[in-house]
Each structure stands twice: as C-alpha cells, then as structure tokens.
Amino acid sequence: MAVETERRWRNILTSQMIPEACGEGKLSEPSTARAAASSPELLAASRCILAIDMDCFYAQCEEIRHPHLKGRPVGVQQKMLVITSNYAARACGIKKGDSLQVVREKCPEITICNGEDLTFYGELSQRAFDVAARWSSKVEKLGLDEVFVDVTELVAERFRALDDPEACLRLASTGHEYPKESESGSSEVRVRQGDWKDLDDAHRCWARLALASEICREIREAILSEIGLTSSAGISVSKQLAKMVSSWKKPSQQTLFLPTADRLGHLLPDDLPVQKVPGIGFASTQKLHELGVRTTGEVLSAVVPEGEEYGRLLTEFDAGALRTMKALCLGIDASPVKASGAPKTCSVQDSFWQGPVRTDVQVRDNLLALAQKLITKIRSDERMYGYRPIPTFSLSLMHAPSSDGGAARRGRKQMQLGSFQIARQPGEQGDDERLQGQIADRAFALFRKLVPAEEPFVLHILNLQVGFGEALGAQRRLSFGASAPSATASAAAQLQAPVEDIELTDSDGDGEAGRNQTPPVSTERPDAVATLVSMGFAQDRAQRALAQCCDVPRAVEMLLAGGPSSSPTRLPRRDVSSRAEKRQRLNCPAPEASGAIIDLLD
DNA sequence: ATGGGTCCT
DNA sequence: AGGACCC
C-alpha cells in the first residue's frame, strides 16, 4: 500500500503533474524563449496567492436577498442597462450591457432587480472578505466582488507539518490545473518527510500551490456555506498569474497555475493583445497602439533598451513604466497583496450626459441630492467599520468639452476640515436632513472656487468625496492601560453591533461615548497643554485630548470635533469669530449646539 | 456604461 | 490636483 502510493507520487511528480508539454496542438504563437527565461525565478519564488472572484456578484446578491429567485433568470439593472445577470439568464443569451428592451425579448421570464443601491452588495462583500481573513491577514479587496489572499504563511505552516515524521499529509491539488482539460482533484498521495529534500523548484512550487489550492477550496467553501456565494478562483505565485487563471473555469471552480515555461507560453502567448494583461490598462494600450505595438510579443521585442524601438517607447512611457510592462508581459509581478483595511475614501457621483447642468440652481439641487447619497453611504460605512472622523472633503466636476474643440476640462477642489462631524444620537435619525444641507453648502462653496460667479458653465459630472481619518479611540497606544478602547476591540465590537449601539461622539462631546473613552488625565507635556489652553480650550479637555493623540494638531482636531469632554464644549475663542465670518461669506447657516457640526478651517 | 475605489506622480 | 489602474 505504502509502496503503491509512493509510486504514484513519483509518477505524479515526474511526468503527469508537470508534463514538459501540455496540450497537443499549439493554440497560438508558440511559447517564447523569453517565457523560458522568466520561469525559473517564478518557480523559485515562494509566494502562494489566491485570486477569488464572486460569480456574477450582483445577481447572486439578489438571489440571496430574494431566495425565491434562486436559479431563475435574474438581471440587475442600472439606469437603462442590465449590467449583469445570473447564469440562468445567461443561458437565454443575455449579455452584459444589454438594454432592458433586448433582455425582455430574449427572456420574457426574467426578473429584473434594481442595482443602483450598492449597500447590500457592499455588506455581503465585506462578509466574504471577513471569511477570507480567517485564513490570512493579507487579504486585498479589488472592487466588491474580488479578493487576493496571500496564503504563503499558512502554506509554509502546513508544509512544515510534513517534517514531522509521524505526520503524513494528504496532498493533492484541488480543482483544475491550467491548461489541462481534466480535473486533477482525484489524485491523492501520501508524502513522507524525506521526499521533499530532493524536489526541484518546479516540484516544490507545485507542492506549495497544491496546498494553497486546498486552502482556497476551504475558503470558497466557507464563503458558500456561510454567505451563500459561489466564487471562482486562481491559485499561483503572484496576483497577476492567479488573476489571469481565475476566470479560466467559471462558475464555481478554481484553477491552479504552475509557472513553467510551457504553461507561461500558453497563458501569455506572443500574440496576446496587450490589454488582456492585468496592469496594462486603457491608456497604455492606446499609447502602445499609436506606436504600432499590439501584443505582448511586440512589447517584449520593442522594449530592449538598445533596440531602436525603445527610443520611441520612451516618448510615451518612462523607463520605470516600461520595466513594469515588460515584466508583466513575461508574467512577472512582484506586487504584494496589501491588507485592505476600511475604505479610505467614500464618494458619490452623478452624471448628466443627456441634460447637462448649466445653472447655479441646478448645481445646488444636484449637490443636495448627492449629499443625501453621501450621508447614506457614510452611515453604511459606520455600520461596517465603526465611526471615523472625516478630515477632508472634496468636490470634483467635469465640464462639457468646449465648443471650440477643446477637451473636456476637469476640476477638483478639496478642503481640509478641522473636523467634520457626522454624528447623531443613538437611534435618532433627524439630524441627517440638516447635515445634508450643510454638506451641500460646503460643496457649493467649493464649486464657486472652481467656477466663479457669472461665469457660464456646462457640467457633465458632479462628484463629492470625503476622506476618513483613523477611528476615534484608535490613536496609538500613547494613552494609558485599557481605559482607551483598542482599535481592534472597538472595531470588532462595532462590526457586530446594531446601528444604535455604535459608539458615537455627539457634537457636544458629552455623551456616554465620550465619557467611556475618556482616559485618565495626563500630567505630561505641560507645554503642549499650555498651547491648547492658549487657543481657548479648557485645560482638562486639552490634557485628555493630548493623552489620546500624539501631537498638538491631532489634539486640536479632536477638541474641535467635540471630544474628549465630560463637560459642555466651549469653542475656542479665536475660532468663534473667524468661523462666523467664514460662515457669512459662504452663506452657511450657523450650526446649532446640539446638531452635527462642520468646522471649516481652511 | 456607470459609479465606485486604489495608488503614484 | 491629476492620472493611471482596477471592478
């Protein structure tokens, strides 16, 4: 028995798993000598990366939201287009950007869901992310429906278990292996300690990826059983390669890619159009086309530094960009999987291609509508990531192309906000309406800076964006002991908490939340305290703020935001007048004591 | 297409 | 502030 499995293992290692040439006919241009050049270092590389991609994500979300739709044709609509559909609908021939009209003709049975509000999708996406995060701390989000997971560590851990002479590991890759037609999942071997020593890079790499493929299956299974989402995935040594094979078998399947020269030749044939390479986008493709370069093979022959074409490439790209592009065409991508935290920005945008915006009144109306959407999104963000301060706010817009042939101008204007408190009492909804008006006012002020009064304009896009700061209470471990909630603990609590339980700092800063996170009064840094007192802050508040913040500017921000305080806030004297002035200039209503406050200190 | 996001100059 | 990439 043992002999038998050992023999199978040898077989698998030597011939079947890593054949010298896979597939018979050549699908496209034969693999290049250049691919052979990159293969050794890829096989020697030690990373194991998963690219997991939810199948027709929005449509699946709708099936989860409306269980009776499961398995029946479903389309998701935005504006007048059906932007995606489930596989039942695709079976009727429905394609990605079909108009509502066309879809109804192809499939009268179809149920159309409105997919303009992304809140629910965002929440399921976050849950899928959290599942993956149980296997690795390095999980990177790419849009709502995709994650990269670096499982190198975990693979190494499981690999190490093989060194225990008592422990045998069942080893088999799970799912497909590019570019083989049959699934390899059935092969199963038992490996013992000594076997690993003799492996060459290719076999060792395959063994790691096989372990990774098992981990990948575990993660996808958990996402399916806990959330109900099916996914497809790629397993390889880099984000690029994992991503490129992830879509090879869909839906609900996974593919391992071992970067041998011949397989690379298949995945990145010389005649592959450049835009198929992840990392080479629209702009680069345009520029390359102007230079007569259309395929990866052409990139590779053009990008040799001594060649004559190289000079022409340098007119459009810098040397660094060319190196990156060359590497990608060779299948080399060293970019790390970056642990995605909470989103850093949040934006909303409306476009007006059909009926452009031409008057101040229209601008105001649209900014009001955008402000409403923005608040909704921020609330959803709070639900998922806890309350965070909002230090920046920006408006951007796109003008129509000028009639005399000029290109469409764009503009962006940002303001730093001393604080931008979007807070409310637990369970209370009422303030958001006033907040909406205040945000629209800020936005209009920015608009005025971009487009002076009286100047005519024709707008096609309006966009509002806020930038988040660190979670309150997450300020480094400067403060003492356990009295300040740790970032992770409060984040975890907030993630589970219903809306009403989220710790909110109300604008007066004297709510329960403020009290709970008030650390012991610090007696340190008397000079910094003095600075804050001279700005008009109460001494005790200044001390507490400094205990939570590293530096004076942060402390100022916190104090202006209303916390920390156990007594009613007094605004710093100097600022009262200047703010009133600005308020007048901007024609903004004065914020009321109990309401949300936006301090404008630019 | 649309309406988000990220990172690098 | 703008541009490039991604979904």
Side-chain angles (χ1 to χ4, degrees), chain A residues 51-58 61 75-84 95-100 102-103 114-119 121-122 125-126 128-129 140-148 231 239-240 242-244 246-247 274-288 316-321 324-325 328 333 335-354 369-370 373-374 376-378 380-381 385 392-398 407-416 446 449-450 460-468:
Chain A
I52 305 177
D53 185 319
M54 305 305 145
D55 302 317
C56 51
F57 182 58
Y58 290 3
C61 289
V76 179
Q77 175 190 12
Q78 259 176 15
K79 291 287 192 282
M80 291 315 285
L81 294 175
V82 173
I83 52 161
T84 191
K95 293 282 183 295
K96 215 136 218 182
D98 286 349
S99 71
L100 214 49
V102 172
V103 166
N114 186 317
E116 279 161 29
D117 182 354
L118 306 186
T119 313
Y121 309 151
S125 169
Q126 182 58 36
F129 179 97
E140 179 176 338
K141 272 182 85 127
L142 201 58
L144 288 183
D145 68 336
E146 234 183 286
V147 289
F148 290 110
S231 56
K239 291 200 286 183
Q240 182 204 5
K243 185 183 174 65
M244 285 186 79
S246 69
S247 56
V274 288
Q275 65 270 29
K276 304 274 190 191
V277 179
I280 301 181
F282 180 82
S284 297
T285 300
Q286 297 292 106
K287 291 178 187 172
L288 287 171
E316 296 286 351
F317 303 93
D318 66 33
T324 306
M325 225 159 54
L328 289 175
D333 165 34
S335 65
V337 175
K338 292 203 277 189
S340 299
K344 299 171 171 68
T345 61
C346 172
S347 69
V348 290
Q349 166 173 322
D350 273 337
S351 56
F352 318 96
W353 300 100
Q354 14 51 281
L370 279 173
K373 292 186 193 177
L374 185 62
T376 303
K377 288 195 75 177
I378 291 172
S380 160
D381 186 278
Y385 309 103
T392 66
F393 176 62
S394 74
L395 168 96
S396 42
L397 53 76
M398 194 165 111
R409 283 174 302 145
R410 295 209 260 184
R412 184 152 109 187
K413 207 72 189 170
Q414 184 168 80
M415 59 170 87
Q416 299 300 320
L446 292 175
K449 292 188 191 179
L450 287 166
H460 278 173
I461 292 178
L462 279 173
N463 172 292
L464 295 184
Q465 176 169 8
V466 294
F468 293 113

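In what follows, every heavy atom counts, from backbone to side chain, and hydrogens, waters and symmetry copies are set aside. Naming convention: chains lettered A, B, ... in sequence-line order (proteins, then strands); numbering from 1 in each chain.
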Touch class at under 4.0 angstrom, heavy-atom based, for Lys373(A) against every strand present: nothing

Residue pair Val277(A) / Gln240(A), side-chain heavy-atom distance below 4.5 Å: yes

Heavy-atom pair of closest approach, residues Asn463(A) and Leu370(A): N-CD1, 4.3 Å

Check: Leu118(A) and Tyr58(A) side chains under 4.5 Å, non-hydrogen atoms: yes

Sugar-phosphate only, base, or nothing, as touched by Ser394(A) at under 4.0 Å among non-hydrogen atoms: nothing

Exercise: identify the closest heavy-atom pair between Phe129(A) and Val147(A): CD1-CG1, 4.1 Å

Integer-rounded Å distance: dA4(C) P and Phe282(A) CZ: 10 Å

Sugar-phosphate, base or nothing in reach of Ile280(A), heavy atoms under 4.0 Å: sugar-phosphate

Sugar-phosphate only, base, or nothing, as touched by Glu116(A) at under 4.0 Å among non-hydrogen atoms: nothing

Sugar-phosphate only, base, or nothing, as touched by Ser284(A) at under 4.0 Å among non-hydrogen atoms: sugar-phosphate

Gln286(A) CD to dA4(C) P, straight-line distance once rounded to whole Å: 11 Å

Whether Thr392(A) side chain and Gly467(A) backbone form a donor-acceptor pair below 3.5 Å: yes

Side chain to side chain, Thr119(A) and Ser380(A), heavy atoms closer than 4.5 Å: yes

Rounded interatomic separation in angstrom, taking CE from Met398(A) and P from dA1(C): 18 Å

Range on DNA chain B touched by chain A, heavy atoms, distance below 4.0 Å: dA1(B) to dC7(B)

Nucleotide dA4(C), atom C1' - distance to CD of Gln275(A) in whole Å: 16 Å

Which residue lies more 5' along DNA chain B, comparing Lys338(A) with Gln349(A) via nearest heavy atoms: Gln349(A)

Touch class at under 4.0 angstrom, heavy-atom based, for Gly281(A) against every strand present: sugar-phosphate

Exam field: side chain Lys338(A) to backbone Glu140(A), donor-acceptor pair closer than 3.5 Å: no

Which nucleotide in dC7(C), dG3(C), dC5(C) has an atom nearest any side-chain atom of Leu142(A): dC7(C)

Touch class at under 4.0 angstrom, heavy-atom based, for Lys239(A) against every strand present: nothing

Which residue lies more 5' along DNA chain B, comparing Lys344(A) with Gln78(A) via nearest heavy atoms: Gln78(A)

Sugar-phosphate only, base, or nothing, as touched by Lys96(A) at under 4.0 Å among non-hydrogen atoms: nothing

